2 protein chains.
Amino acid sequence: MNRLTIGLKQAGLRLTPQRVAICKILAESKDHPTAMMIYHQLLPQFPTLSLATVYKTLNVLKSMGLVHTLGDAGDGAEHFDADLTPHINLVCVRCNSVVDFDEGLIHAVQQAVEQRSGYEIQGARIVYYGLCPQCRVNGTAKQQESAQ
Amino acid sequence: MNRLTIGLKQAGLRLTPQRVAICKILAESKDHPTAMMIYHQLLPQFPTLSLATVYKTLNVLKSMGLVHTLGDAGDGAEHFDADLTPHINLVCVRCNSVVDFDEGLIHAVQQAVEQRSGYEIQGARIVYYGLCPQCRVNGTAKQQESAQ
DNA sequence: TTTGCTTCAGAAAATGATTTTCCATAGGAG
DNA sequence: CTCCTATGGAAAATCATTTTCTGAAGCAAA
C-alpha cells in the first residue's frame, strides 16, 4: 500500500489486483518505465492483462497528479515517473537509459520561474540528454540501435 | 539564409524550396510548431507538399542538432524548437501554448549537472507546465480544444 | 441473500502521429 | 549531354495510444 494506491482509493476507485500491481512497479522501479515495459513486467503474473488496462491506469494516475510523464527518451514511447519531488532526469541518447539526478539549484529555478512568469506551475520536466559516462567510454558503436 | 539553411548546405544537402521554407518557419516562429502546423502553414505556398517531406526535413535538422524537440505539450504531437540557447519552455495545460522563458539560473544548473554527473550533455528540455496567466484568469472552459 | 447499478478488465477495432517504401524527377559532376 | 544520387510526393505501413463494447465483478440497499 503505497502513495499511489492510497491515492486511487481516496479517489473512490477500486483497488483491483492489476492496479495495485501497476502502482507497485511505478513506486519501486527506478528506470522510468513505459506502458509497454510495465505490461511485459506484469504479463507473467497476469497472463490476460491488457495493454489498455495499463494505459487506462496510467492515465488515471497521471490525471490525479500522482505520476509525471517525461516524454519519450528517444525510443518513441512515453516514460512515467512516480517520483514527484523536483529532480532532473538524465537521458542517454545512445543507450536510452533514464536516471534521476538531484540538483539543489532547481528549487531556486522553479521559484524564480513561478514568481516572474505569472504561471501557476503544476509540474516540471527537466531532462538533460547526452552520453552517459558508460557510453562515453564505450565510445564506438551504438549499444542498442534504438526503436525508431 | 539563416542558421538552419546554412547548416543544411554545409552538410552537403540540397537547399530545395521546401526545405528553405521549413527552415524559415522554424527560425522565425515563436510558437514551437509541430510538423502538422508547419505543413498547414506551407500548404498555400506548396500545394503538393507532403507531410512526409516535413517530417523528413525536421528529422534531418534534428539529427544534425540544429533544432530541438520539446515533446508533446498535451496535444499528442512533437513540438520543435529552433532556439538552441538554454532556456525554459512554459506549457499551458489548458490552452496548450508554449512560450519561451529566460532564467539565468539554468546556466548554473547545467554546469553543475555536467560536472557532477559525468554525462556529456548535448541538450536539455526544461519544461514547466501549468496555467498561463491568461488561463488562470479565465479559469473556466478550455480556450482551444487542441491543435489537431 | 437478492436485485440492480456502476465500475472494471480485456479484446478488438479505431485513431492519429510518424516513418517507410517506391518511383519519377531535378541537379550536380564529369 | 549522360550518369548518378538526392529529393519530393503519394500511399502504405508502423506503432504507440485511445476508444468501444461486453461480460464479469463489486457494492449498496432492501
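Since we're looking at a predicted model, the values are computed, not measured. All chains are named by letter (A, B, ...) in the order of the sequence lines, taking the proteins before the strands, and each is independently numbered beginning at 1.
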**Report entry** Partners passing side chain to side chain contact (heavy atoms under 4.5 Å, CB included) against A:Tyr39 (at least two apart in sequence or in another chain)
**Finding:**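 A:Tyr39 satisfies side chain to side chain contact (heavy atoms under 4.5 Å, CB included) with A:Met36, A:Leu43, A:Leu49, A:Leu51, A:Val54 once adjacent residues are dropped.
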With sequence neighbours excluded, residues passing salt bridge (charged side-chain N to carboxylate O under 4.0 Å, His left out) with [X]:
X	value
A:Glu78	none
A:Arg3	none
B:Glu114	none
A:Lys24	A:Glu28

Separation of atom [atom1] in [X] from atom [atom2] in [N], rounded to whole Å:
X	N	atom1	atom2	result
A:Lys62	D:dT17	NZ	C1'	11 Å
B:Tyr39	C:dG16	OH	P	16 Å
A:His40	D:dC15	NE2	C1'	13 Å
B:Leu58	C:dT19	CG	P	9 Å
A:Gln45	C:dA9	CD	C1'	15 Å
A:His79	D:dT17	NE2	P	9 Å
B:Met36	C:dT19	CE	C1'	13 Å
A:Leu8	C:dT7	CG	P	15 Å

Query raised in the report: If you fit an axis to the five pairs at each end of the helix from C:dT1-D:dA30 to C:dG30-D:dC1, how big is the angle between those two axes, to 10 degrees?
Result: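 Inter-axis angle at the ends, rounded: 30°.
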Looking at residues at least two apart in the chain, or sitting in another chain, which of them share a side-chain hydrogen bond (donor to acceptor under 3.5 Å, both in side chains) with [X]?
X	result
A:His87	A:Asp81, A:Asp100
B:Ser63	none
B:Glu103	A:Arg116
A:Ser50	none

Query raised in the report: How close do A:Pro33 and A:Leu26 get, heavy atom to heavy atom, and via which atoms?
Result: CG-CD2, 4.1 Å
Query raised in the report: Using a cut-off of less than 4.0 Å, is there contact between a side-chain N or O of B:Tyr55 and OP1 or OP2 of C:dT19?
Result: no
Query raised in the report: Does a side-chain N or O from B:Asn59 land closer than 4.0 Å to OP1 or OP2 of C:dT18, or not?
Result: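 The answer is no; no side-chain N or O of B:Asn59 sits under 4.0 Å from OP1 or OP2.
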Query raised in the report: Is there a donor-acceptor contact under 3.5 Å from the side chain of A:Asn59 to the main chain of A:Lys62?
Result: no
Query raised in the report: In residues 12-22 of chain A, which ones come under 4.0 Å of DNA chain C, going by heavy atoms?
Result: A:Leu13, A:Arg14, A:Thr16, A:Gln18, A:Arg19
Quick test: give all pairs of protein nitrogen or oxygen and nucleotides 11-13 of chain C nitrogen or oxygen below 3.5 Å, distance rounded to 0.1 Å.
| residue | atom | partner | partner atom | Å |
| --- | --- | --- | --- | --- |
| C:dA11 | OP2 | A:Thr48 | O | 3.3 |

